[in-house]
Amino acid sequence: HAEYLCLPEENLFLVPENISDVEAVFIEPFAAALGIFDSYRFEPGLRLAVIGDGRLGLLCAFASRARGFCPVLIGHNKDKMQIAKNRGIETLLENEASVLYASCDVVIEASGSVSGFNLAAEISRPRGTIILKSTLSGQIQWPATKVVVNELRVLGSRCGRFAPAIDLLTNINLNLQELVTDVIPLSRGIEAFKIAENKNSLKVILDTTS
């Protein structure tokens, strides 16, 4: 839809040559993940967990690691969590997460599910922080009593700055190609949407050159 859009040139960012086109696709969501650490100041050494093994959850775990924390990624898809394991990130299946009960200083909720929010409340320590990184679908029945009694902070986080994301991707090899499920020609765009609907899919890229 470029012919319908007009933006100032200062909105453009130069992508360094050592960032591939595939990696460049992830600049925006990786910036959003890094944005957590721009918006909220956390003490070094805190206990941090990320709920959700989708693309956003994985990027939040990568961003946490890049900012010097040792996150625990909680999910249910072993194949997706293996991507985090390959980078030395600790992982737990959802049914194993009870071992973290009331122990986490910060929990990043990136699953977009009501159960994810409830789990975040369970594993947060008293006066801990829950960061909602994904929009929750449906009406949430949130554990108000636990939030009040444990004096939990619930914070929203949306976007992030591109410049820090580009800088990190330039200097650290995160191998984000591993998050790409498939690259589909634009001529097969409908098929690409169907592939993206698969729950095991992470990122489907449309190739506009073919």
Side-chain angles (χ1 to χ4, degrees), residues 1-7 9 11-36 50-66 71 73-89 91 93-94 108-113 116 132-138 157-210:
H1 304 293
E3 63 269 27
Y4 301 108
L5 188 66
C6 183
L7 292 171
E9 288 186 4
N11 283 24
L12 295 174
F13 286 83
L14 181 65
V15 178
E17 290 185 3
N18 68 326
I19 296 180
S20 68
D21 289 346
V22 169
E23 288 178 309
V25 169
F26 291 95
I27 289 174
E28 188 278 330
F30 189 54
L34 285 171
I36 295 170
V50 178
I51 298 175
D53 55 24
R55 181 177 64 254
L56 183 58
L58 288 167
L59 289 173
C60 285
F62 298 168
S64 301
R65 189 70 178 270
L73 179 68
I74 301 168
H76 61 271
N77 188 304
K78 292 182 179 180
D79 290 336
K80 292 179 180 179
M81 290 199 295
Q82 186 62 46
I83 296 173
K85 279 186 176 182
N86 292 343
R87 291 158 172 77
I89 295 172
T91 64
L93 293 172
E94 287 181 29
I108 300 171
E109 204 303 295
S111 73
S113 67
L132 299 181
K133 194 62 200 177
S134 180
T135 52
L136 291 166
S137 58
S157 176
R158 189 184 177 193
C159 301
R161 296 180 296 126
F162 279 25
I166 293 173
D167 183 61
L168 268 176
L169 291 175
T170 301
N171 294 290
I172 300 176
N173 182 17
L174 293 178
N175 192 22
L176 295 182
Q177 292 95 331
E178 202 171 355
L179 302 186
V180 177
T181 302
D182 210 340
V183 179
I184 304 293
L186 186 60
S187 58
R188 293 164 53 202
I190 301 301
E191 180 185 345
F193 279 98
K194 291 180 179 178
I195 295 173
E197 288 174 354
N198 188 303
K199 65 180 181 179
N200 293 318
S201 179
L202 278 169
K203 183 69 173 177
V204 178
I205 295 176
L206 284 174
D207 181 3
T208 60
T209 64
S210 58

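Side-chain atoms of Ile89 and Lys85, non-hydrogen and from C-beta on, never get closer than 4.5 Å to each other. Taking 4.5 Å as the limit, some side-chain heavy atom of Leu59 sits within range of a side-chain heavy atom of Leu176. Looking only at side-chain heavy atoms (C-beta outward), Val15 and Ile27 come within less than 4.5 Å of each other. Between Val204 and Phe193 there is no side-chain heavy-atom pair separated by less than 4.5 Å. Using a 4.5 Å heavy-atom cutoff, the side chains of Asp207 and Ile184 are not in contact. With contacts defined as side-chain heavy-atom distances shorter than 4.5 Å, the pair Ser157/Leu132 does not qualify.
Taken from CD in Glu28 to CZ in Phe13, the straight-line distance is 11.5 Å, to the nearest 0.5 Å. Distance CD1/Ile205 to CG/Leu179: 9.5 Å, rounded to 0.5 Å. Distance check: Asn173 CG to Leu168 CG gives 12.0 Å after rounding to the nearest 0.5 Å. Taking CD of Glu17 as the reference point, atom OG1 of Thr170 lies at 11.0 Å (rounded to 0.5 Å). Atom CD in Glu9 sits 10.0 Å away from atom CG in Asn11 (nearest 0.5 Å). Distance CZ/Phe30 to CZ/Phe162: 12.5 Å, rounded to 0.5 Å.
Partner of Asp53 under the side-chain contact (heavy atoms from CB on, under 4.5 Å) criterion, chosen from Thr91, Leu202, Asn77, Ile83: Asn77.
No side-chain donor-acceptor contact under 3.5 Å links Thr181 and Lys203. No side-chain donor from either of Asn200 and Asp79 sits under 3.5 Å from a side-chain acceptor of the other.
Nearest approach of Gly112 to Ser134, heavy atoms of both residues: CA-OG, 3.5 Å. In terms of heavy atoms, Glu23 sits closest to Asn18 at OE1-O, 3.8 Å. A pairwise comparison of heavy atoms in Val50 and Gly57 identifies CG1-O, 3.5 Å as the closest pair. Here the shortest heavy-atom pairing between Leu93 and Lys78 reads CD1-CE, 3.9 Å. The minimum heavy-atom distance between Ser111 and Ser113, with the atom names listed, is OG-OG, 2.9 Å. Closest approach of Leu73 and Ala61 over heavy atoms only: CD1-CB, 4.4 Å.
With hydrogens and angles ignored, the 3.5 Å screen pairs no side-chain donor or acceptor of Ser201 with any backbone N or O of Glu197. In this structure, the side chain of Lys133 engages the main chain of Arg158 through a donor-acceptor pair within 3.5 Å. No donor-acceptor distance shorter than 3.5 angstrom exists from the side chain of Arg55 to the backbone of Pro29, with no hydrogens or angles considered. Distance alone, capped at 3.5 Å, is enough to place a donor-acceptor pair between the Asn171 side chain and the Asp167 backbone.
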Arg87 vs Glu178, salt bridge (Lys or Arg N to Asp or Glu O under 4.0 Å): CA-CA, chis, key distance, verdict: CA-CA 11 Å; Arg87 291 158 172 77; Glu178 202 171 355; 3.1 Å; yes

Criterion side-chain contact (heavy atoms from CB on, under 4.5 Å) on Ile108 and Ile51, from CA distance to verdict: CA-CA 6 Å; Ile108 300 171; Ile51 298 175; over 6 Å; no

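A 6.0 Å sphere centred on CG of Leu12 holds more than 12 heavy atoms belonging to other residues, nucleotides or ligands. The environment of CD in Glu3 is crowded: more than 12 heavy-atom neighbours from other residues, nucleotides or ligands sit within 6.0 Å.
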